[in-house]
Amino acid sequence: MSKRTIYSIVAIVIVCGIYVFETYLNTKEQDAIISKGKIEKDLTNLFFLPTSTTGQIVHHDGYSLSYSEPHEQPEWVAYELKESQLVNTNFKRPYFEIDDAVKTGAAHWSNYKKSGYDRGHLCPAADREFNYDLYVETFLTSNISPQKHDFNSGVWNRLEQKIRYWAKRYDGVYVITGGVLKGNMKVIGDERVSVPNQFYKIVMDYNDGNPKALAFLMPHHNSAKPLYHFVVSIDSLENLTGIDFFSELDDVLENKLEASSSYKNWHF
DNA sequence: CTGCACGAC
DNA sequence: GTCGTGCAG
């Protein structure tokens, strides 16, 4: 074997080594991005975000929200739930923390203590179990409303489980949820957190080329009625809340989605 | 799954 | 205030 051949082989090995090493570094970097920021990246093009009536939209890695300072809770929380994100872990529940991203100051969890009301997640903790940081992130007080326990663990819990069922069946859905911050409401705690009299939830399936949306409006008390009993049109929710829900969508599609209160295309 | 209460530190 | 444990719908 000539010296020239040996030099060539050494050169090839070095080049290949560098290539493999760089590929390895890139892979590590991508893993880090996926584990911490994939959702955030997706949120940069959220086409389905509602308008804010309060002027304070906050983006977290796992969900976005519009905070109502007078009522010390979000007027809506929006997030995407993909089929691949439906996992069951057994994370220990952390303590609720004040959301520093809310510039007007989010409520303290002690407002709820011994109030008789649950700290009701709006983006459910169970929907962010695919990543521990995102799970913990749902335990911000900007993501909760006061809810009666029998409502939260009852009909509202049933609806949240149905959303997970649809996320699996339809390969991912968008979800918008919140309390209706209107009318006469009770308040709890030193910061006077409002207790909504109704809660709403909108679910959209965008994945099969024929988007469909469904809206629910529930009185703030438990019920044994079937979930479809609470279906309303998105238009009626907009009239009730003053929020414009799919303003970024094409008008024709927006009008079609929002006028309907039919649930015939949804499997219960 | 949805949560709270209580006692020890 | 934080943490572990127990209990309820």
Side-chain angles (χ1 to χ4, degrees), chain A residues 62-63 65 72-74 76-100 105-170 172-173 175-180 186-191 193-203 216-230 266-268:
Chain A
Y63 59 93
L65 65 99
E72 291 292 5
Q73 65 197 284
W76 53 255
V77 170
Y79 63 100
E80 181 182 7
L81 182 59
K82 298 180 183 181
E83 181 184 7
S84 63
Q85 295 170 340
L86 291 168
V87 295
N88 253 320
T89 56
N90 219 344
F91 293 140
K92 186 186 161 193
R93 292 185 135 234
Y95 285 81
F96 280 93
E97 291 186 10
I98 293 173
D99 184 353
D100 290 330
H108 193 274
W109 58 264
S110 61
N111 290 289
Y112 293 72
K113 191 176 183 183
K114 300 207 170 184
S115 69
Y117 290 90
D118 279 8
R119 304 160 186 124
H121 278 88
L122 294 176
C123 176
D127 286 2
R128 304 284 89 149
E129 286 196 8
F130 56 94
N131 177 294
Y132 181 67
D133 290 338
L134 298 185
Y135 176 79
V136 171
E137 192 185 61
T138 68
F139 287 79
L140 293 171
T141 57
S142 55
N143 183 42
I144 59 175
S145 291
Q147 289 182 330
K148 294 177 183 173
H149 184 68
D150 59 352
F151 172 80
N152 188 20
S153 64
V155 64
W156 189 249
N157 189 20
R158 275 199 288 137
L159 179 55
E160 290 179 338
Q161 295 187 41
K162 189 66 72 181
I163 299 282
R164 287 190 275 278
Y165 167 75
W166 284 328
K168 182 173 185 178
R169 186 179 179 99
Y170 303 134
V173 291
V175 186
I176 304 163
T177 188
V180 177
K186 283 177 63 174
V187 294
I188 59 171
D190 293 339
E191 294 181 271
V193 180
S194 301
V195 181
N197 296 309
Q198 296 163 293
F199 288 90
Y200 68 89
K201 199 179 279 286
I202 299 173
V203 55
F216 296 84
L217 179 65
M218 292 184 166
H220 188 182
H221 53 72
N222 195 21
S223 170
K225 289 176 181 168
L227 292 174
Y228 51 75
H229 174 82
F230 301 99
W266 294 82
H267 190 273
F268 281 78

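Numbered from 1 within each chain, the chains take letters A, B, ... in sequence-line order. Because the structure is a prediction, the values reported are computed rather than measured.
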Write down the distance between [atom1] ([X]) and [atom2] ([N]), rounded to a whole number of angstrom.
X	N	atom1	atom2	result
A:Lys113	B:dG3	NZ	C1'	16 Å
A:Ile144	B:dT2	CD1	C1'	14 Å
A:Tyr95	C:dG4	OH	C1'	8 Å
A:Trp156	B:dT2	CH2	P	13 Å
A:Lys162	B:dC1	NZ	C1'	14 Å
A:Asn143	B:dG3	CG	P	10 Å
A:Met218	B:dT2	CE	C1'	14 Å
A:Phe139	B:dT2	CZ	C1'	10 Å

Answer with base, sugar-phosphate or nothing: what part of the nucleic acid does [X] contact at a heavy-atom distance below 4.0 Å?
X	value
A:Lys114	sugar-phosphate
A:Gln147	nothing
A:Glu129	sugar-phosphate

- Query: Regarding A:Lys162 and the six-membered ring of A:Tyr165, is the cationic atom NZ or CZ under 6.0 Å from the ring centre and inside 45° of its axis?
  - Reply: yes
Given [N], is OP1 or OP2 found less than 4.0 Å from the side-chain N or O atoms of [X]?
X	N	value
A:Asn152	B:dG3	yes
A:His121	B:dT2	no
A:Arg119	B:dC4	yes
A:Arg158	B:dC1	no

- Partner of A:His121 under ring-ring contact (aromatic ring centres under 6.0 Å, His included), chosen from A:Phe139, A:Trp156, A:Tyr135: A:Phe139
- Kindly say whether A:His220 contributes a backbone atom to a donor-acceptor pair with the side chain of A:Lys148 at under 3.5 angstrom? yes
- Query: Is there a donor-acceptor pair closer than 3.5 Å between any side-chain N or O of A:Arg128 and the backbone N or O of A:Thr138?
  - Reply: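 Between the backbone of A:Thr138 and the side chain of A:Arg128 there is no qualifying donor-acceptor contact (under 3.5 Å).
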- Whichever of A:Gly154 and A:Trp109 has its nearest DNA chain C nucleotide further upstream toward 5': A:Trp109
- Query: Of the candidate nucleotides C:dG9, C:dG4, B:dC1, which contains the atom at the shortest distance from the side chain of A:Gln161?
  - Reply: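 Of the options given, the side chain of A:Gln161 lies nearest B:dC1.
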- Report the nucleotide, chosen from B:dC1, B:dC4, C:dG4, that has the shortest atom-to-atom distance to any side-chain atom of A:Lys92.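 Side chain of A:Lys92 sits closest to C:dG4.
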- Is the A:Tyr112 to A:Phe96 ring centre distance short of 6.0 Å? no
- Task: Using heavy atoms to find the nearest nucleotide of DNA chain B for A:Asn90 and A:Gly116 separately, return the residue whose nucleotide is more 5′.
- Result: A:Asn90
